[in-house]
Amino acid sequence: MRHLPLLMIATLCLPCAASAQDTPAPLEQVLQAQDRDSHGDLRAVVVLRDGAVVAERYYNGETAETLHDIRSTGKSITALLVGAAVARGQLVTTKTVGDYWPEVAGSPAGKVALDDLLTMRSGLAAFDEDEHSPGNEDKLDAAPDPAAFVRAIPAATTPGSAYRYNSLGSYIAGRVVENASGADLEDYAAKVLFAPLGITRWSWGRDVAHHPKGQGNLSLRARDTAKIGQMVLDDGLFDGKRVIDANWLQAVLAPRVAIGAVDRYADSYGYFWYAKTQDIGGQKIAVHFASGNGGNKIYVIPARRMVVSVASSAYGKGYGQRRSEDILKAILKADATQM
């Protein structure tokens, strides 16, 4: 997908983006309706079909060039980087964290298989929704020595037995990729993911030890997160070239853990990616997605050949996730009228 100037947006919408009566196409109507949102923290929505922009809108002073902190959506990108290392023979997911990170090998974290780490079933005492949890994200961020922090986290359950949402596991996954590949995580991402997708601008937060945060704090343009979604939709291909192994993507998106009982916005979890079947006018539509605090999303909808990227800074606000899902549903409903 070529990079397009903002002034061309009007020409990229669905046919009839401006009819003789200047009536917006249904998808554009959905995006324009968000102008009425009173919270002031929705940033961007980009809709692709078969790799082409069919609707796009920016809010609250943002533009196509704005970098957005996508928070935990970055976990899903870390999963793609794990896959890149697997494809290059640098990683095997049945091995343990300690096999690739000797510094933590003797700790409970070092004994966790990567498969369990990638599905939030490490068994470690890390739960982001509990501020008292030893491995809580805020405590990880505040740790003066991240490796020592990881070593000190005790086991809470048997690995593979229980899903507990946490950022510690994806941080560890990022460190594992670094050690296995011999490269800084950001440099690795630039080489194996960003460059092949034509992504040239980003910002990535780092910990006190100067390691990129595999758990998040990656900032990208909304069009670029949409590109990532398009590559996932196309089984790892972009512009006809292989970026991520197709078998790895199947593994990433597979419904490995049922989480509907603890997450109202998802049915299942794969390798740092979610899935939910949406009911749109009685039609069941499977959606795979990456999700971050505030309502940041990369929605991948195979049945519609669509990708929906949402950037939002409603961090810590309950309505952020709800609003993004409502936008997705409205887009799917409007799109159904065009089929």
Checklist entry - For Y315, is the NZ or CZ atom of R71 found under 6.0 angstrom from the centre of its six-membered ring and inside 45 degrees of the ring axis? => result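 Yes - R71 lies over the ring of Y315, closer than 6.0 Å to its centre and within 45° of its axis.
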Next on the checklist: Does R256 qualify as a cation-pi partner of Y271, given the criterion of NZ or CZ under 6.0 Å from the six-membered ring centre and within 45 degrees of its axis?
Outcome noted: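 Geometry flag: set, cation within 6.0 Å and 45°.
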Look at the side chain of [X] and the backbone N and O of [Y], then say whether any donor-acceptor pair between them is shorter than 3.5 Å.
X: E137; Y: D128; answer: no
X: R57; Y: A33; answer: no
X: R242; Y: I244; answer: yes
X: N136; Y: S133; answer: no
X: D69; Y: S219; answer: no

Item to check | Residue pairs involving residues 176-185 (criterion side chain to side chain donor-acceptor pair (under 3.5 Å); sequence neighbours excluded) | outcome: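 Output for this query lists E178-H211, D184-R206.
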Next on the checklist: ring-ring contact (aromatic ring centres under 6.0 Å, His included), that's the test. Do Y163 and Y269 meet it? Break it down for me.
Outcome noted: CA-CA 9 Å; Y163 170 89; Y269 199 67; 5.4 Å; yes
Item to check | Minimum heavy-atom distance between P146 and V208, given as atom pair plus value | outcome: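 Heavy atoms only, the tightest pair is CD-CG2, 3.7 Å.
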Next on the checklist: For W273 and F289: C-alpha separation, side-chain torsions, deciding distance, then whether ring-ring contact (aromatic ring centres under 6.0 Å, His included) applies.
Outcome noted: CA-CA 6 Å; W273 280 75; F289 63 101; 8.5 Å; no
Checklist entry - So do the side chains of T200 and F194 get within less than 4.5 Å of each other, counting heavy atoms only? => result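 They are not in side-chain contact.
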Item to check | Within 6.0 angstrom of K333 NZ, more than 12 heavy atoms from elsewhere | outcome: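 Counting neighbours around NZ of K333, 12 or fewer heavy atoms of other residues, nucleotides or ligands fall under 6.0 Å, so no.
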Next on the checklist: Please report whether the ring centroid of Y319 lies less than 6.0 Å from that of H39.
Outcome noted: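 Yes; Y319 has its ring centre under 6.0 Å from that of H39.
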